[in-house]
There are 2 protein chains.
Amino acid sequence: MFKPYTIKDIAKALGLSTSTVSRALNGSYEIGTETKKLVLEYAEKVNYRPNPIALSLKEQRSRSIGVVVCEVANNYFSQAINGIESIAYSSGYHVIITQTHESAAREAANVQHLLSRHVDGLLIALSAETTDTSEFKFLHSKGFPMVFFDRIVENIDTHKVTVDNFKGAFEATEQLLNAGYTKIANLASTPNLLNTRERFDGYKAALLKHNIQILPEYVKYCHHGGMVAGEVENALQELMSLPDPPQAIISTNDRLTTGCIPILKKMGYRIPEDVALTGFTNSEVAESFAPPLTVIRQPAFTMGQMATEMLINVIESKYPVYEAMSTQVDTELIVRQSSMPAKI
Amino acid sequence: MFKPYTIKDIAKALGLSTSTVSRALNGSYEIGTETKKLVLEYAEKVNYRPNPIALSLKEQRSRSIGVVVCEVANNYFSQAINGIESIAYSSGYHVIITQTHESAAREAANVQHLLSRHVDGLLIALSAETTDTSEFKFLHSKGFPMVFFDRIVENIDTHKVTVDNFKGAFEATEQLLNAGYTKIANLASTPNLLNTRERFDGYKAALLKHNIQILPEYVKYCHHGGMVAGEVENALQELMSLPDPPQAIISTNDRLTTGCIPILKKMGYRIPEDVALTGFTNSEVAESFAPPLTVIRQPAFTMGQMATEMLINVIESKYPVYEAMSTQVDTELIVRQSSMPAKI
DNA sequence: CTGAAAGCGCTAACAC
DNA sequence: GTGTTAGCGCTTTCAG
């Protein structure tokens, strides 16, 4: 069944040695024009394709890069993956995508799996659960090519691509303040993640700037990033049943943001009349929501591209890359009805 | 940098031959208990991982399966991929995902790429553009393991996993009819795709059953499945500027459905007052739309699982599988406000 | 200009 | 029970 042609087959058919064929195929200058043409034409005719597995074994590299994200069914990550693929493909790399579903154990397993597949490098956005980063530290110390994006590891001076989370959250919070909301809650993913904390800091800074006190009861964490049933619902329930409930919510994670709306509605709140809403999300359909949703968008596609370019640079650099490269891009605040002043 | 242990390393360290180590590692019964224990312990200690590339070369299989879909940033496919991964993973297979972006050329390139990577099998949902299926026919004739899902190839008796498109469209159309709408348009992807035509047939059958005439001007195709800018907008524009415009639209593809809403709104139509809407989509947030969207949902996750199980069966079967396996599941109609009778 | 041979990591006949 | 060897497909010294 379906046996691809090998160099040996060509060699035999043409009465040459495998090395000659190999060299001809690779355009070595030390092969006669005649022979070269002969080989090339025959290879073309039989639709010869080099066996990448054999190549990998030989070259000790796989021309593939591993991607570790929480989920592909997530607007941000599916868009980022598009960016990753676009660059990887045109540079001749394969992309192997793995999902952690926010579990640290799956993350560790995925990394092992990818390493055992001899990927040439890793593109990683940490899972919500991850606290032990020693494996990454180890790989980093060995000079293994890795680029972190969006959810980066702390305490390691690695290559990374991030957005200005602080500014994104700051602007969004300030927009709510300018719209007249002063009681603003923060619905967040796990504080494990640096980006959660940075977004929180942006929120805090905006309130501070407007001389609004930060109330701890206005800050709710969903430690599984909204992946666990009821997590978001509980958080919202607690928030809205406070003696002095918030008038607005800023949600700082994709899944949380899109998850909020049906729950708030089910609880009987109108947006923004009863509670305004702004959130980090890359949903393509935020505009179609009821009401149209104010969002902080990340340039996911571009970030995927940048991270991949960075990684391929590191992989292909002749010498170990010691200084960590780091790129930060801006978020985009798109103001829609959900964070507008409530019409009275 | 980061040199994994090999069998040779172990053999040298322990003063054994590589074959002994290999056998011990694979639990061969002809190895002394002592030696076996020694090897296993040492392997454990140095965290030995067999090199899958060498294995692939040896066994002429890669323990990986290739996936060809139009996009991961698509609700249906990202969910299906979750299903695919869940099964593949637990069966020890890798998943390599490639995207066609609805281009036949990219599809062909992806298939070649995956074949050249020696994937053990292929999971395919055709691109919208695909009309030439000769390559698939060829692979099929060679007995190469393939399973098609959702968007299947015709004229080839292959393994496949589909939904009952006819019934899904029929039920949705009938619900619109029961809600009092009689002028119902069909917004569809390319008729290249069998599922587009099946869904169209379901729509037709429902109208027929209710003695409603099928108007050709009520049927609009987006030949790139909504991937090309302005495609959906044009279709809707044409539809709504008919002398006798439709009162309802059934959209038969994920991207089209979610794409419709902002466009209709921008054109100044209220849903469902001016035009009702129902559509095939697996969006998780259809409920949050304005208005909440009536959807025909496909069990994407399950379909991904089923297709993968089927594929792995074929791959691992001792003898070529000649009779084509075929599974069909039901869609689920979730009725929400967008297809309700318009309140007058 | 071309061929022979070694080697990437692993397994499996085939010795002994 | 364990070692030797060949071979998976390819590249690359080293010879000639």
Side-chain angles (χ1 to χ4, degrees), chain A residues 1-40 42-43 46-64 92 94 113 115-120, chain B residues 1-40 42-43 46-64 92 112-113 115-120:
Chain A
M1 187 224 69
F2 195 73
K3 180 104 186 70
Y5 272 83
T6 70
I7 265 189
K8 218 189 207 167
D9 298 327
I10 302 183
K12 206 183 301 171
L14 263 39
L16 293 165
S17 78
T18 58
S19 38
T20 306
V21 175
S22 169
R23 277 187 278 243
L25 254 17
N26 293 308
S28 166
Y29 60 93
E30 46 178 358
I31 294 290
T33 330
E34 290 294 276
T35 322
K36 202 180 272 183
K37 206 175 128 202
L38 194 68
V39 172
L40 255 25
Y42 186 79
V46 301
N47 193 29
Y48 167 78
R49 297 268 168 267
N51 181 332
I53 298 177
L55 273 172
S56 293
L57 186 59
K58 181 81 206 162
E59 297 179 9
Q60 299 290 45
R61 63 191 307 231
S62 60
R63 287 215 152 262
S64 65
H94 261 274
H113 202 164
L115 288 178
S116 86
R117 297 289 299 185
H118 284 214
V119 292
D120 297 334
Chain B
M1 185 227 68
F2 195 73
K3 182 101 184 69
Y5 273 83
T6 71
I7 264 188
K8 218 188 206 167
D9 298 328
I10 302 184
K12 206 182 302 169
L14 263 40
L16 294 166
S17 78
T18 58
S19 42
T20 305
V21 175
S22 169
R23 278 187 279 242
L25 253 18
N26 293 307
S28 166
Y29 60 93
E30 45 178 359
I31 294 290
T33 331
E34 289 294 276
T35 322
K36 203 180 272 181
K37 205 175 132 204
L38 194 67
V39 172
L40 255 25
Y42 186 78
V46 301
N47 193 28
Y48 166 78
R49 298 268 168 266
N51 181 333
I53 298 176
L55 272 174
S56 294
L57 187 59
K58 181 86 207 161
E59 297 179 11
Q60 300 290 45
R61 64 192 307 235
S62 60
R63 288 215 150 262
S64 65
Q112 281 312 315
H113 202 165
L115 288 178
S116 85
R117 298 288 300 186
H118 285 212
V119 292
D120 297 333

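As the structure is a prediction and not an experimental result, all values here were calculated from the model. Chain naming here is simple, since letters A, B, ... match the order of the sequence lines and numbering starts at 1 in each.
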How is S19(B) classified with respect to the nucleic acid when contacts are heavy atoms under 4.0 Å: base, sugar-phosphate, or nothing?
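It contacts base atoms.
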Scan L55(A) against the nucleic acid and name what it touches under 4.0 Å (heavy atoms): base, sugar-phosphate only, or nothing.
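The residue L55(A) makes sugar-phosphate contact but no base contact.
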Rounded to whole Å, how long is the line connecting atom [atom1] of [X] with atom [atom2] of [N]?
{"X": "I7(A)", "N": "dA4(C)", "atom1": "CD1", "atom2": "P", "answer": "15 Å"}
{"X": "L16(A)", "N": "dA4(C)", "atom1": "CG", "atom2": "C1'", "answer": "14 Å"}
{"X": "I10(A)", "N": "dG9(D)", "atom1": "CD1", "atom2": "C1'", "answer": "12 Å"}
{"X": "L57(A)", "N": "dC10(C)", "atom1": "CG", "atom2": "P", "answer": "9 Å"}
{"X": "K58(B)", "N": "dC10(D)", "atom1": "NZ", "atom2": "P", "answer": "16 Å"}
{"X": "R61(B)", "N": "dC10(C)", "atom1": "CZ", "atom2": "C1'", "answer": "15 Å"}
{"X": "N51(A)", "N": "dG7(D)", "atom1": "CG", "atom2": "P", "answer": "18 Å"}
{"X": "E59(A)", "N": "dG9(D)", "atom1": "CD", "atom2": "P", "answer": "17 Å"}

Check whether any side-chain nitrogen or oxygen of [X] sits under 4.0 Å from OP1 or OP2 of [N], and answer yes or no.
{"X": "T35(B)", "N": "dT2(D)", "value": "yes"}
{"X": "N26(A)", "N": "dT11(D)", "value": "yes"}
{"X": "Y48(A)", "N": "dG9(D)", "value": "no"}
{"X": "Q60(B)", "N": "dG7(D)", "value": "no"}
{"X": "K8(A)", "N": "dC8(D)", "value": "yes"}
{"X": "S17(B)", "N": "dG3(D)", "value": "yes"}

The side chain of S22(B) is closest to which nucleotide in this list: dT11(C), dG9(D), dT2(D)?
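For the S22(B) side chain, the nearest candidate turns out to be dT11(C).
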Give the nucleotide from the list dT11(C), dA4(C), dA13(C) with an atom nearest to the side chain of R23(B).
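Given the options dT11(C), dA4(C), dA13(C), the side chain of R23(B) is closest to dA13(C).
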Is there, by distance only and without an angle test, a donor paired with an acceptor across the side chain of R49(A) and the base of dG9(D) below 3.5 Å?
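Side chain to base: no pair below 3.5 Å.
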Are L25(B) and Y48(B) packed together at the side-chain level, in the sense that at least one heavy-atom pair is separated by less than 4.5 angstrom?
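A side-chain contact exists here, since the closest heavy-atom pair is under 4.5 Å.
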If you define the side chain from C-beta out and look only at heavy atoms, does anything of V39(B) sit under 4.5 Å from L14(B)?
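They are in contact (side-chain heavy atoms under 4.5 Å apart), so the answer is yes.
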Polar side-chain atom of S17(B) near backbone of T20(B) as donor-acceptor pair, under 3.5 Å
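Yes, S17(B) side chain to T20(B) backbone: donor-acceptor pair under 3.5 Å.
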Any side-chain to backbone donor/acceptor pair from T18(B) onto I7(B)? Under 3.5 Å, distance only.
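Checking the backbone N and O of I7(B) against the side chain of T18(B), no donor-acceptor pair under 3.5 Å is found.
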H118(B) or K36(B), whichever maps to the more 5' nucleotide of DNA chain D
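Taking each residue's closest nucleotide, the earlier one in sequence belongs to K36(B).
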Does OH belonging to Y42(B) count more than 12 external heavy atoms closer than 6.0 Å?
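More than 12 within 6.0 Å, yes.
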